[in-house]
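Basis for what follows: all heavy atoms, side chains included, without hydrogens, waters or symmetry-related copies.
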Amino acid sequence: MQQRIKILLIILLSFFIFTYLYVFQQPHRDYIGEKANILLSSHELFVQYQKDEELSNKAYLNKLIEVNGTVTSIEKSLSSINILLDNSLFCIFESNISNKYKEGDIIKIKGRCVGYDDIFSQVRLDQCVIID
């Protein structure tokens, strides 16, 4: 009886270790190297979220999107850089960007859509990179 319990405990422990390694040790998604499947302007994306947020979430939420638009503002902080496109698309960069970009420039950005912010009336992207 003792031997059956030991074998069962070893099997359970092995199962939990395997499950942990499989679930939590996966490589992170490479947003910079991945190609965006959805291409549109920041204004188009904003209008679609204004029309139907639920339908837009189904189409764009957590997907890599490539958008273009005019830089409205650039905010730099210690931990991130944020760019606002066409007063409607808030883009969060985790790495430094070139200082050559300024307000009024038309740029193309790739990032993950994280949804619509009702308070600021903006669509938000994170993990953003500028595409030259």
Apply side chain to side chain contact (heavy atoms under 4.5 Å, CB included) to C113 and Y49, showing your working.
-> CA-CA 11 Å; C113 181; Y49 264 98; 3.4 Å; yes

Heavy atoms, side chains only, cut-off 4.5 Å: are I130 and C128 in contact?
-> no

In this structure, which one of I38, V123, D86 forms a side-chain contact (heavy atoms from CB on, under 4.5 Å) with L45?
-> V123

State yes or no: do I106 and V71 share one hydrophobic cluster built from I, L, V, M, F, W and Y residues joined by side-chain heavy-atom distances below 4.5 Å, directly or via other members?
-> no

CG of L85 to CD1 of I109, rounded to nearest 0.5 Å, is 4.0 Å

How many angstroms lie between OG in S80 and CD1 in I92, if you round to the nearest 0.5 Å?
-> 6.5 Å

Same hydrophobic cluster for V67 and V114, using side-chain heavy-atom links shorter than 4.5 Å among ILVMFWY?
-> no

Group every Ile, Leu, Val, Met, Phe, Trp and Tyr by side-chain heavy-atom contacts under 4.5 Å, then state whether F16 and V23 land in the same group.
-> no

Would the number of heavy atoms belonging to other residues, nucleotides or ligands and lying under 6.0 Å from OH of Y101 be above 12?
-> yes

Linked, directly or transitively: L21 and F24 (ILVMFWY side chains, under 4.5 Å) | yes

Please round to the nearest 0.5 Å and tell me the distance separating atom NZ of K108 and atom CG of L39.
-> 7.0 Å

The reported gap from CG in L125 to CG in N82 (rounded to nearest 0.5 angstrom) is 11.5 Å

Residues K110, I65; criterion side chain to side chain contact (heavy atoms under 4.5 Å, CB included); working and verdict = CA-CA 6 Å; K110 176 176 68 170; I65 299 174; over 6 Å; no

State, yes or no, whether a side-chain contact exists between L40 and Y60 at a heavy-atom distance under 4.5 Å.
-> yes

Rounded to the nearest 0.5 Å, what's the gap from CD1 on I81 to CD on E94? Could you check?
-> 11.0 Å

So, do L9 and L13 sit near enough that their side-chain heavy atoms are less than 4.5 Å apart?
-> no

Aromatic plane relationship, F18 with Y22 - under 30° parallel, 30 to 60° tilted, over 60° perpendicular | parallel

Taking everything shown except Q25 itself, do over 12 heavy atoms lie less than 6.0 Å from its CD?
-> yes

So CZ of F93 and NZ of K76: to nearest 0.5 Å the spacing works out to 11.0 Å

If you group Ile, Leu, Val, Met, Phe, Trp and Tyr by side-chain heavy-atom gaps below 4.5 Å, do V47 and L61 land in one group?
-> no

Quick one: do the S41 and N68 side chains pair a donor with an acceptor below 3.5 Å?
-> no

Determine, step by step, whether S14 and L12 satisfy the side chain to side chain contact (heavy atoms under 4.5 Å, CB included) criterion, reporting the C-alpha distance in whole Å, the side-chain angles of both residues, the deciding distance to 0.1 Å, and the verdict.
-> CA-CA 5 Å; S14 299; L12 284 173; over 6 Å; no

Correct closest heavy-atom pair for N62 and R112 would be OD1-NH1, 3.3 Å

Smallest heavy-atom separation, N87 atom then Q122 atom, equals O-CG, 4.4 Å

Start with the C-alpha distance between S73 and E103, add both sets of side-chain angles, then the distance that settles side chain to side chain contact (heavy atoms under 4.5 Å, CB included), and finish with yes or no.
-> CA-CA 6 Å; S73 70; E103 292 180 16; 4.2 Å; yes

Check the angle between the aromatic planes of F46 and Y116 and answer parallel, tilted or perpendicular using the 30° and 60° thresholds.
-> tilted

